[in-house]
Amino acid sequence: MSVMLKNIAIIAAGQGAPQGDENYCDNGIPFVKAGNLVELVEGKPITEIQKVSDEVAKKHKLRLYKKGSVLFAKSGMSCLKGYVYVLPQDAYVVSHLACVTPNEDISEYLRYYFQYNRPNKLIKDEAYPSISLADIEELKIDIKTQIERDSIVRNLASVAHLIGLQKKQLQEFDTLIKSRFVEMFGDMLLNTMGWDESSLESIAEIVSGISKGRKVKNINLREVPYMAVSNVKDGYIDWTTIKTIMATEQEIEQYRLMPNDILMTEGGDPDKLGRGAIIKEPMENSIHQNHIFRVRLNRELILPMFFEEYLQHQKAKRYFLRCAKQTTGIASINMKQLRALPVLIPSLELQNQFATFVHQIDKLKLTAKEGLKKLEIMQKALMQQYFC
(Lines give C-alpha, C1' and ligand atoms only; values in the text may rest on other atoms or scores of the structure.)
Protein backbone atom coordinates (compact mmCIF):
# COMPACT_ATOMS: atom_id res chain seq x y z
CA MET A 1 0.00 0.00 0.00
CA SER A 2 1.42 3.39 -1.02
CA VAL A 3 0.72 6.42 1.12
CA MET A 4 1.98 10.00 1.09
CA LEU A 5 4.65 10.60 3.69
CA LYS A 6 2.69 13.53 5.14
CA ASN A 7 -0.11 11.11 6.06
CA ILE A 8 2.11 8.96 8.28
CA ALA A 9 4.63 11.47 9.60
CA ILE A 10 5.20 15.06 10.65
CA ILE A 11 7.71 16.68 8.30
CA ALA A 12 9.68 19.71 9.47
CA ALA A 13 13.03 21.43 9.12
CA GLY A 14 15.37 21.96 12.03
CA GLN A 15 16.33 25.36 13.42
CA GLY A 16 19.27 27.73 13.28
CA ALA A 17 22.23 26.62 15.35
CA PRO A 18 23.25 28.88 18.25
CA GLN A 19 26.46 30.69 17.27
CA GLY A 20 29.55 30.67 19.46
CA ASP A 21 31.26 27.99 21.55
CA GLU A 22 29.82 29.50 24.71
CA ASN A 23 26.38 28.17 23.72
CA TYR A 24 27.51 24.56 23.88
CA CYS A 25 28.31 22.43 26.90
CA ASP A 26 29.38 18.94 27.98
CA ASN A 27 26.15 18.12 29.78
CA GLY A 28 23.01 18.87 27.86
CA ILE A 29 20.89 17.71 24.95
CA PRO A 30 22.64 16.92 21.62
CA PHE A 31 22.32 19.41 18.77
CA VAL A 32 22.64 17.61 15.44
CA LYS A 33 24.27 19.65 12.66
CA ALA A 34 24.59 18.70 8.99
CA GLY A 35 28.27 17.93 9.46
CA ASN A 36 27.41 15.37 12.15
CA LEU A 37 25.39 13.14 9.82
CA VAL A 38 28.27 11.18 8.32
CA GLU A 39 29.94 10.46 11.68
CA LEU A 40 26.62 9.50 13.28
CA VAL A 41 25.76 7.19 10.37
CA GLU A 42 29.21 5.61 10.72
CA GLY A 43 28.54 4.82 14.36
CA LYS A 44 29.62 7.77 16.48
CA PRO A 45 27.39 7.95 19.60
CA ILE A 46 25.07 10.96 19.54
CA THR A 47 26.17 11.65 23.13
CA GLU A 48 29.62 12.61 21.81
CA ILE A 49 28.50 15.52 19.60
CA GLN A 50 27.94 19.14 20.73
CA LYS A 51 25.21 19.74 23.29
CA VAL A 52 23.14 22.69 24.51
CA SER A 53 21.77 23.40 27.96
CA ASP A 54 18.13 23.98 28.80
CA GLU A 55 18.91 27.68 29.27
CA VAL A 56 20.40 28.03 25.78
CA ALA A 57 17.55 26.04 24.24
CA LYS A 58 15.00 28.32 25.92
CA LYS A 59 16.87 31.47 24.89
CA HIS A 60 17.00 30.39 21.22
CA LYS A 61 13.51 28.86 21.30
CA LEU A 62 14.81 25.50 20.13
CA ARG A 63 12.38 22.72 19.37
CA LEU A 64 13.09 19.23 20.61
CA TYR A 65 12.75 16.48 18.00
CA LYS A 66 11.59 13.10 19.23
CA LYS A 67 13.48 9.84 19.45
CA GLY A 68 12.79 7.87 16.26
CA SER A 69 12.73 10.93 14.01
CA VAL A 70 14.41 10.29 10.64
CA LEU A 71 16.97 12.92 9.61
CA PHE A 72 18.50 13.72 6.22
CA ALA A 73 19.99 16.83 4.62
CA LYS A 74 17.55 19.17 2.87
CA SER A 75 19.96 21.91 1.80
CA GLY A 76 23.67 22.37 1.11
CA MET A 77 26.20 19.96 -0.38
CA SER A 78 25.32 17.37 2.27
CA CYS A 79 22.12 16.79 0.27
CA LEU A 80 24.11 15.06 -2.43
CA LYS A 81 25.43 12.44 0.01
CA GLY A 82 22.03 11.02 0.92
CA TYR A 83 22.88 10.11 4.53
CA VAL A 84 19.91 8.93 6.60
CA TYR A 85 19.95 8.84 10.41
CA VAL A 86 17.36 7.92 13.04
CA LEU A 87 17.52 9.78 16.35
CA PRO A 88 18.21 7.29 19.18
CA GLN A 89 17.06 9.94 21.70
CA ASP A 90 15.39 13.34 21.75
CA ALA A 91 17.63 16.02 20.22
CA TYR A 92 17.77 19.47 18.65
CA VAL A 93 18.33 19.64 14.90
CA VAL A 94 19.87 22.27 12.61
CA SER A 95 17.85 23.96 9.87
CA HIS A 96 19.79 22.27 7.04
CA LEU A 97 18.23 18.95 8.00
CA ALA A 98 14.77 17.61 7.34
CA CYS A 99 13.16 15.84 10.27
CA VAL A 100 10.54 13.15 9.57
CA THR A 101 8.72 12.09 12.74
CA PRO A 102 6.47 9.05 12.10
CA ASN A 103 3.01 8.81 13.62
CA GLU A 104 3.67 5.21 14.63
CA ASP A 105 6.73 3.09 15.28
CA ILE A 106 8.03 2.74 11.71
CA SER A 107 11.28 4.67 12.12
CA GLU A 108 13.56 1.74 11.36
CA TYR A 109 11.51 0.79 8.31
CA LEU A 110 11.80 4.37 7.03
CA ARG A 111 15.56 4.34 7.71
CA TYR A 112 16.08 1.43 5.34
CA TYR A 113 13.46 2.68 2.89
CA PHE A 114 15.29 6.00 2.53
CA GLN A 115 18.68 4.31 2.38
CA TYR A 116 17.46 2.67 -0.82
CA ASN A 117 15.10 5.37 -2.14
CA ARG A 118 17.41 8.28 -1.38
CA PRO A 119 15.62 11.56 -0.55
CA ASN A 120 18.24 13.39 -2.63
CA LYS A 121 16.44 12.22 -5.78
CA LEU A 122 14.18 15.23 -5.05
CA ILE A 123 17.04 17.67 -5.73
CA LYS A 124 16.15 19.75 -8.80
CA ASP A 125 19.53 21.44 -9.39
CA GLU A 126 22.73 19.77 -8.16
CA ALA A 127 24.61 23.06 -8.52
CA TYR A 128 22.38 24.47 -5.76
CA PRO A 129 21.26 21.33 -3.93
CA SER A 130 18.10 21.63 -1.85
CA ILE A 131 14.93 19.69 -1.14
CA SER A 132 11.65 21.41 -0.34
CA LEU A 133 9.53 20.24 2.58
CA ALA A 134 6.53 20.24 0.24
CA ASP A 135 8.23 17.70 -2.03
CA ILE A 136 9.16 15.55 0.96
CA GLU A 137 5.54 15.62 2.15
CA GLU A 138 4.33 14.40 -1.25
CA LEU A 139 6.67 11.40 -1.33
CA LYS A 140 4.79 8.15 -1.81
CA ILE A 141 5.93 5.42 0.54
CA ASP A 142 5.22 1.71 0.11
CA ILE A 143 4.30 1.08 3.72
CA LYS A 144 3.44 -2.70 3.74
CA THR A 145 1.83 -4.51 6.68
CA GLN A 146 3.34 -4.48 10.15
CA ILE A 147 4.33 -8.16 9.88
CA GLU A 148 6.12 -7.48 6.59
CA ARG A 149 7.79 -4.33 7.97
CA ASP A 150 9.02 -6.18 11.04
CA SER A 151 10.48 -8.95 8.88
CA ILE A 152 12.19 -6.47 6.54
CA VAL A 153 13.70 -4.49 9.41
CA ARG A 154 14.88 -7.66 11.15
CA ASN A 155 16.59 -9.01 8.02
CA LEU A 156 18.23 -5.70 7.05
CA ALA A 157 19.30 -5.00 10.62
CA SER A 158 21.05 -8.40 10.74
CA VAL A 159 22.99 -7.66 7.55
CA ALA A 160 23.78 -4.12 8.76
CA HIS A 161 25.13 -5.59 12.01
CA LEU A 162 27.44 -7.95 10.10
CA ILE A 163 28.62 -5.07 7.89
CA GLY A 164 29.36 -3.04 11.01
CA LEU A 165 31.41 -5.89 12.49
CA GLN A 166 33.40 -6.24 9.27
CA LYS A 167 34.13 -2.49 9.17
CA LYS A 168 35.16 -2.56 12.82
CA GLN A 169 37.56 -5.40 12.07
CA LEU A 170 39.15 -3.35 9.28
CA GLN A 171 39.59 -0.42 11.68
CA GLU A 172 41.18 -2.75 14.23
CA PHE A 173 43.68 -3.94 11.61
CA ASP A 174 44.72 -0.31 11.01
CA THR A 175 45.02 0.26 14.77
CA LEU A 176 47.16 -2.87 15.04
CA ILE A 177 49.58 -1.53 12.41
CA LYS A 178 49.91 1.79 14.25
CA SER A 179 50.49 0.03 17.57
CA ARG A 180 53.14 -2.20 16.01
CA PHE A 181 54.85 0.84 14.48
CA VAL A 182 55.17 2.56 17.87
CA GLU A 183 56.26 -0.69 19.52
CA MET A 184 59.05 -1.19 16.99
CA PHE A 185 60.21 2.41 16.42
CA GLY A 186 59.14 4.30 19.55
CA ASP A 187 57.61 7.75 19.76
CA MET A 188 58.50 9.49 16.50
CA LEU A 189 57.95 12.97 17.92
CA LEU A 190 60.33 12.47 20.83
CA ASN A 191 62.59 10.01 18.98
CA THR A 192 62.70 7.83 22.08
CA MET A 193 64.90 5.24 20.36
CA GLY A 194 67.46 7.76 19.12
CA TRP A 195 67.21 7.07 15.38
CA ASP A 196 69.30 9.04 12.89
CA GLU A 197 67.49 11.90 11.20
CA SER A 198 67.75 13.13 7.61
CA SER A 199 65.89 15.59 5.42
CA LEU A 200 63.57 13.96 2.90
CA GLU A 201 65.50 15.44 -0.05
CA SER A 202 68.64 13.55 1.03
CA ILE A 203 66.90 10.16 0.87
CA ALA A 204 64.41 10.62 -1.97
CA GLU A 205 63.78 12.13 -5.38
CA ILE A 206 60.84 14.55 -5.16
CA VAL A 207 58.92 15.73 -8.22
CA SER A 208 55.85 17.92 -8.65
CA GLY A 209 53.30 16.90 -11.29
CA ILE A 210 51.79 18.06 -14.55
CA SER A 211 49.57 21.16 -14.77
CA LYS A 212 46.11 21.00 -16.28
CA GLY A 213 45.31 23.71 -18.80
CA ARG A 214 48.95 24.22 -19.73
CA LYS A 215 49.80 25.27 -23.30
CA VAL A 216 51.41 22.49 -25.30
CA LYS A 217 52.87 23.10 -28.76
CA ASN A 218 53.54 19.46 -29.50
CA ILE A 219 50.56 18.04 -31.37
CA ASN A 220 51.62 14.44 -30.70
CA LEU A 221 49.64 14.00 -27.50
CA ARG A 222 48.54 10.77 -25.89
CA GLU A 223 45.75 10.13 -23.38
CA VAL A 224 47.07 8.63 -20.15
CA PRO A 225 45.73 7.95 -16.62
CA TYR A 226 46.08 10.89 -14.27
CA MET A 227 46.27 10.73 -10.47
CA ALA A 228 44.48 13.68 -8.84
CA VAL A 229 44.34 14.96 -5.26
CA SER A 230 41.06 13.08 -4.74
CA ASN A 231 42.89 9.79 -5.34
CA VAL A 232 45.42 10.29 -2.53
CA LYS A 233 44.15 9.54 0.97
CA ASP A 234 45.93 9.25 4.31
CA GLY A 235 47.59 5.86 3.91
CA TYR A 236 45.84 4.51 0.81
CA ILE A 237 45.04 5.23 -2.84
CA ASP A 238 41.39 5.71 -3.76
CA TRP A 239 40.81 4.09 -7.16
CA THR A 240 37.10 4.98 -7.36
CA THR A 241 37.53 7.54 -10.15
CA ILE A 242 40.62 7.77 -12.33
CA LYS A 243 40.74 10.69 -14.75
CA THR A 244 42.81 10.98 -17.91
CA ILE A 245 44.84 13.78 -19.47
CA MET A 246 46.49 14.43 -22.85
CA ALA A 247 50.28 14.52 -22.48
CA THR A 248 53.40 14.53 -24.63
CA GLU A 249 55.85 11.61 -24.66
CA GLN A 250 58.34 13.79 -22.79
CA GLU A 251 55.79 14.57 -20.08
CA ILE A 252 54.83 10.92 -19.76
CA GLU A 253 58.47 9.99 -19.34
CA GLN A 254 59.06 12.80 -16.82
CA TYR A 255 56.01 12.13 -14.62
CA ARG A 256 55.46 8.38 -15.10
CA LEU A 257 54.65 6.64 -11.80
CA MET A 258 56.57 3.56 -10.76
CA PRO A 259 55.60 0.78 -8.32
CA ASN A 260 56.11 1.84 -4.66
CA ASP A 261 56.29 5.56 -5.38
CA ILE A 262 54.78 7.66 -2.61
CA LEU A 263 52.16 10.23 -3.64
CA MET A 264 51.70 13.21 -1.32
CA THR A 265 49.27 16.12 -1.51
CA GLU A 266 50.40 19.72 -1.23
CA GLY A 267 47.22 20.96 0.47
CA GLY A 268 43.84 20.24 1.99
CA ASP A 269 42.22 20.15 5.42
CA PRO A 270 44.80 21.00 8.12
CA ASP A 271 44.35 17.63 9.84
CA LYS A 272 45.15 15.83 6.57
CA LEU A 273 48.01 18.06 5.48
CA GLY A 274 50.94 16.16 3.98
CA ARG A 275 48.90 13.00 3.61
CA GLY A 276 50.51 10.35 1.48
CA ALA A 277 50.20 6.79 0.26
CA ILE A 278 52.12 4.14 -1.66
CA ILE A 279 50.94 3.55 -5.20
CA LYS A 280 51.87 -0.12 -5.34
CA GLU A 281 50.66 -0.97 -8.84
CA PRO A 282 50.23 2.19 -10.93
CA MET A 283 48.27 1.97 -14.16
CA GLU A 284 50.40 1.80 -17.30
CA ASN A 285 51.90 5.19 -18.18
CA SER A 286 49.97 6.90 -15.37
CA ILE A 287 51.18 10.35 -14.28
CA HIS A 288 50.19 12.81 -11.56
CA GLN A 289 48.90 16.36 -11.30
CA ASN A 290 50.87 19.36 -10.08
CA HIS A 291 49.08 19.46 -6.70
CA ILE A 292 50.64 16.10 -5.90
CA PHE A 293 54.28 15.41 -5.10
CA ARG A 294 55.85 12.15 -6.20
CA VAL A 295 58.37 10.87 -3.68
CA ARG A 296 60.68 8.12 -4.92
CA LEU A 297 62.63 6.82 -1.94
CA ASN A 298 66.16 5.47 -1.82
CA ARG A 299 65.16 2.00 -0.70
CA GLU A 300 68.66 1.21 0.48
CA LEU A 301 67.93 3.64 3.32
CA ILE A 302 64.17 3.81 3.79
CA LEU A 303 61.27 1.60 2.76
CA PRO A 304 57.96 2.89 1.36
CA MET A 305 55.93 0.89 3.91
CA PHE A 306 57.78 2.56 6.79
CA PHE A 307 57.59 6.04 5.28
CA GLU A 308 53.86 5.79 4.51
CA GLU A 309 53.16 5.03 8.16
CA TYR A 310 55.66 7.64 9.34
CA LEU A 311 53.62 10.33 7.57
CA GLN A 312 50.64 9.46 9.76
CA HIS A 313 52.48 10.09 13.03
CA GLN A 314 52.99 13.30 14.98
CA LYS A 315 56.55 14.20 13.98
CA ALA A 316 55.58 14.56 10.31
CA LYS A 317 52.11 15.98 10.93
CA ARG A 318 53.33 18.67 13.34
CA TYR A 319 56.12 19.66 10.97
CA PHE A 320 53.68 20.22 8.12
CA LEU A 321 51.25 22.17 10.30
CA ARG A 322 54.06 24.34 11.64
CA CYS A 323 55.42 25.40 8.27
CA ALA A 324 52.26 25.32 6.15
CA LYS A 325 50.58 28.33 4.61
CA GLN A 326 47.05 28.43 5.99
CA THR A 327 43.88 30.14 4.79
CA THR A 328 40.30 29.57 5.94
CA GLY A 329 40.00 25.84 6.45
CA ILE A 330 42.80 25.02 3.97
CA ALA A 331 46.52 24.49 4.48
CA SER A 332 49.29 23.89 1.93
CA ILE A 333 52.99 23.12 1.71
CA ASN A 334 55.48 23.80 -1.07
CA MET A 335 58.32 21.80 -2.57
CA LYS A 336 60.97 23.46 -0.39
CA GLN A 337 59.10 22.60 2.79
CA LEU A 338 58.54 19.01 1.72
CA ARG A 339 62.21 18.56 0.86
CA ALA A 340 63.13 19.75 4.35
CA LEU A 341 60.80 17.27 6.10
CA PRO A 342 62.81 15.64 8.92
CA VAL A 343 62.67 11.86 8.64
CA LEU A 344 63.83 9.40 11.29
CA ILE A 345 65.64 6.41 9.79
CA PRO A 346 65.66 3.15 11.77
CA SER A 347 67.76 0.21 10.67
CA LEU A 348 66.76 -1.34 7.36
CA GLU A 349 66.45 -4.71 9.09
CA LEU A 350 63.81 -3.34 11.46
CA GLN A 351 62.00 -1.58 8.61
CA ASN A 352 61.88 -4.88 6.72
CA GLN A 353 60.38 -6.61 9.76
CA PHE A 354 57.68 -3.93 9.92
CA ALA A 355 56.99 -4.21 6.18
CA THR A 356 56.59 -8.00 6.53
CA PHE A 357 54.12 -7.47 9.37
CA VAL A 358 52.11 -4.96 7.29
CA HIS A 359 52.03 -7.37 4.33
CA GLN A 360 50.56 -10.06 6.60
CA ILE A 361 47.91 -7.67 7.92
CA ASP A 362 47.14 -6.52 4.37
CA LYS A 363 46.29 -10.12 3.43
CA LEU A 364 43.85 -10.29 6.33
CA LYS A 365 42.40 -6.90 5.34
CA LEU A 366 41.90 -8.13 1.78
CA THR A 367 39.91 -11.12 3.03
CA ALA A 368 37.84 -8.83 5.28
CA LYS A 369 37.20 -6.40 2.41
CA GLU A 370 36.02 -9.24 0.18
CA GLY A 371 33.65 -10.35 2.94
CA LEU A 372 32.41 -6.78 3.36
CA LYS A 373 31.79 -6.46 -0.38
CA LYS A 374 29.69 -9.64 -0.39
CA LEU A 375 27.62 -8.39 2.53
CA GLU A 376 27.05 -5.03 0.86
CA ILE A 377 25.93 -6.80 -2.33
CA MET A 378 23.54 -8.89 -0.25
CA GLN A 379 22.21 -5.76 1.47
CA LYS A 380 21.62 -4.04 -1.85
CA ALA A 381 19.85 -7.11 -3.27
CA LEU A 382 17.55 -7.33 -0.25
CA MET A 383 16.71 -3.64 -0.42
CA GLN A 384 15.95 -3.96 -4.11
CA GLN A 385 13.67 -6.90 -3.34
CA TYR A 386 11.87 -5.03 -0.55
CA PHE A 387 11.67 -1.46 -1.86
CA CYS A 388 11.94 -1.47 -5.65
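Basis for what follows: all heavy atoms, side chains included, without hydrogens, waters or symmetry-related copies. Here, residue 1 is the first one in the sequence, and each next residue gets the next number.
Looking at Asn120, its side chain does come within 3.5 Å of a backbone N or O of Leu80 through a donor-acceptor pair. Distance alone, capped at 3.5 Å, places no donor-acceptor pair between the Glu266 side chain and the Met264 backbone. One N or O on the side chain of Thr175 and one on the backbone of Gln171 form a donor-acceptor pair closer than 3.5 Å. Looking at Asn231, its side chain does come within 3.5 Å of a backbone N or O of Thr241 through a donor-acceptor pair. Between the side chain of Glu48 and the backbone N or O of Pro45 there is no donor-acceptor pair closer than 3.5 Å. Remark: the backbone N or O of Arg63 is paired with a side-chain donor or acceptor of Gln15 at under 3.5 angstrom. In this structure, Gln351 contributes its side chain and Phe307 its backbone to no donor-acceptor pair below 3.5 Å. Side-chain atoms of Glu308 come within 3.5 Å of backbone atoms of Ile278 as a donor-acceptor pair (strictly under, hydrogens ignored). With hydrogens and angles ignored, the 3.5 Å screen pairs a side-chain donor or acceptor of Asn36 with a backbone N or O of Lys33. Between the side chain of Arg275 and the backbone N or O of Val232 there is at least one donor-acceptor pair closer than 3.5 Å.
If you chain together hydrophobic residues whose side chains sit under 4.5 Å apart, Ile252 and Tyr226 fall into the same group. Linking ILVMFWY side-chain heavy atoms closer than 4.5 Å, directly or via other members, places Tyr386 and Val159 in a single hydrophobic cluster. By the criterion of side-chain heavy atoms lying less than 4.5 angstrom apart, applied directly or through intervening Ile, Leu, Val, Met, Phe, Trp or Tyr residues, Leu64 is grouped together with Ile49 in one hydrophobic cluster. No continuous path of ILVMFWY side-chain contacts below 4.5 Å connects Ile10 to Ile8, so the two sit in separate hydrophobic clusters. Residue Ile333 is grouped with residue Ile262 when hydrophobic side chains (ILVMFWY) are merged at heavy-atom distances under 4.5 angstrom, including chains of intermediate members.
Asp174 has its side chain within reach of Lys365: a pair of non-hydrogen atoms, C-beta onward, lies under 4.5 Å apart. By the 4.5 Å heavy-atom criterion applied to side chains, Gln312 and Ile177 are not counted as neighbours. Taking the side chain as every heavy atom from C-beta outward, Thr248 and Asn220 never approach each other to under 4.5 Å. Between Pro282 and Met258, every side-chain heavy-atom pair lies at or beyond the 4.5 Å cut-off. At least one side-chain heavy atom of Ile203 sits under 4.5 Å from a side-chain heavy atom of Leu200. Under the 4.5 Å side-chain criterion, counting only non-hydrogen atoms from C-beta, Arg222 is in contact with Glu249. Residues Leu110 and Pro102 form a side-chain contact, since some pair of their non-hydrogen atoms from C-beta on lies under 4.5 Å apart. Taking 4.5 Å as the limit, every side-chain heavy atom of Ile279 sits out of range of all side-chain heavy atoms of His288.
Counting only residues at least two apart or in different chains, salt bridge (charged side-chain N to carboxylate O under 4.0 Å, His left out) contacts with residues 116-136 comprise Lys124-Asp135. Within the structure, the side chain to side chain donor-acceptor pair (under 3.5 Å) test picks out no pair touching residues 80-93 (sequence neighbours left out). The ring pair (Phe, Tyr, Trp, His ring centres under 6.0 Å) contacts involving residues 151-204 comprise Phe181-Phe185, Phe181-Phe306, Phe181-His313, Phe181-Phe354, Phe185-Phe306, Phe185-Phe354, where partners must be two or more places apart or lie in separate chains.
In terms of heavy-atom proximity, Ala355 sits nearest to Leu303 at CB-CD1, 4.4 Å. The two residues Ala204 and Leu297 come nearest to each other via the heavy atoms CB-CD2, 3.8 Å. Nearest heavy-atom pair, Pro18 versus Phe31, reported as atom, atom and distance to 0.1 Å: CD-CE1, 3.7 Å. Minimum heavy-atom separation, Ile29 to Ala91: CG2-CA, 3.9 Å. The two residues Gly235 and Ala277 make their nearest non-hydrogen contact at C-CB, 3.8 Å. Across all non-hydrogen atoms, the minimal contact from Ser107 to Val70 is O-CG2, 4.0 Å.
Aromatic rings from Phe114 and Phe387 are positioned such that their centres are separated by 6.0 Å or more.
Residue Asp21 places its CG atom among 12 or fewer non-hydrogen atoms of other residues, nucleotides or ligands, all under 6.0 Å distant. A 6.0 Å sphere centred on CD of Glu183 holds more than 12 heavy atoms belonging to other residues, nucleotides or ligands. Heavy atoms of other residues, nucleotides or ligands lying less than 6.0 angstrom from CD of Glu172 number more than 12. In this structure, Leu366 places its CG atom where more than 12 heavy-atom neighbours from other residues, nucleotides or ligands lie under 6.0 Å away.
Partners of Asp187 according to the side chain to side chain contact (heavy atoms under 4.5 Å, CB included) rule, which considers only residues two or more places apart in sequence or in another chain, are Leu189, Leu190, Thr192. Every residue was checked against the side chain to side chain donor-acceptor pair (under 3.5 Å) condition with His60, not counting sequence neighbours, and none meets it. Legend: residues meeting side chain to side chain contact (heavy atoms under 4.5 Å, CB included) with Ser347, ordered by chain and number and at least two apart, are Glu349, Leu350. Shown here are the side chain to side chain donor-acceptor pair (under 3.5 Å) partners of Ser53, two or more places apart in sequence or in another chain: Glu55. Partners of Ala13 under the side chain to side chain contact (heavy atoms under 4.5 Å, CB included) rule, at least two apart in sequence or in another chain, are Lys74, Leu133. The side chain to side chain contact (heavy atoms under 4.5 Å, CB included) search around Ser199 returns Glu201, Ser202, not counting sequence neighbours.
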Exercise. Could you please spell out the steps behind the salt bridge (charged side-chain N to carboxylate O under 4.0 Å, His left out) verdict for Arg214 and Glu251?
Key: CA-CA 12 Å; Arg214 71 209 181 286; Glu251 288 172 329; 2.8 Å; yes
Practice problem: Applying side chain to side chain contact (heavy atoms under 4.5 Å, CB included), run through Leu37 and Leu97 and close with a yes or a no. | Solution: CA-CA 9 Å; Leu37 274 190; Leu97 300 180; 3.7 Å; yes
Practice problem: Let me see the working for Ser69 and Thr101 under side-chain hydrogen bond (donor to acceptor under 3.5 Å, both in side chains), right down to the final yes or no. | Solution: CA-CA 4 Å; Ser69 294; Thr101 306; 2.8 Å; yes
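In this structure, NZ in Lys66 is found 11.0 Å from SG in Cys99, a value given to the nearest 0.5 Å.
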Please tabulate, one pair per line, all N/O donor-acceptor pairs under 3.5 Å involving side-chain atoms of residues 369-383, not counting sequence neighbours.
none

Would you list the atom pairs, donor with acceptor, under 3.5 Å between side chains in residues 334-344 and any protein atom, with sequence neighbours excluded?
from	atom 1	to	atom 2	distance (Å)
Asn334	OD1	Lys336	N	3.2
Asn334	OD1	Gln337	N	2.8
Gln337	OE1	Asn334	N	2.9
Gln337	NE2	Cys323	O	2.7

Would you tabulate the side-chain donor-acceptor contacts of residues 162-170 under 3.5 Å, counting partners in other chains and residues two or more places apart, or write 'none'?
from	atom 1	to	atom 2	distance (Å)
Gln166	NE2	Ala368	O	3.2

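Ion pair Arg149/Glu104 flagged as a salt bridge, since at least one NZ, NE, NH1 or NH2 atom sits closer than 4.0 Å to an Asp/Glu carboxylate oxygen. Taking the charged nitrogens against the carboxylate oxygens, Lys44 and Glu39 do have a contact shorter than 4.0 Å, which makes a salt bridge. Between Lys315 and Glu197 there is a salt bridge, since at least one side-chain N of the basic residue sits less than 4.0 Å from a carboxylate O of the acidic one.
Just one of Asn260, Asp362, Asp261 meets the side-chain hydrogen bond (donor to acceptor under 3.5 Å, both in side chains) condition when paired with Lys280; it is Asp362.
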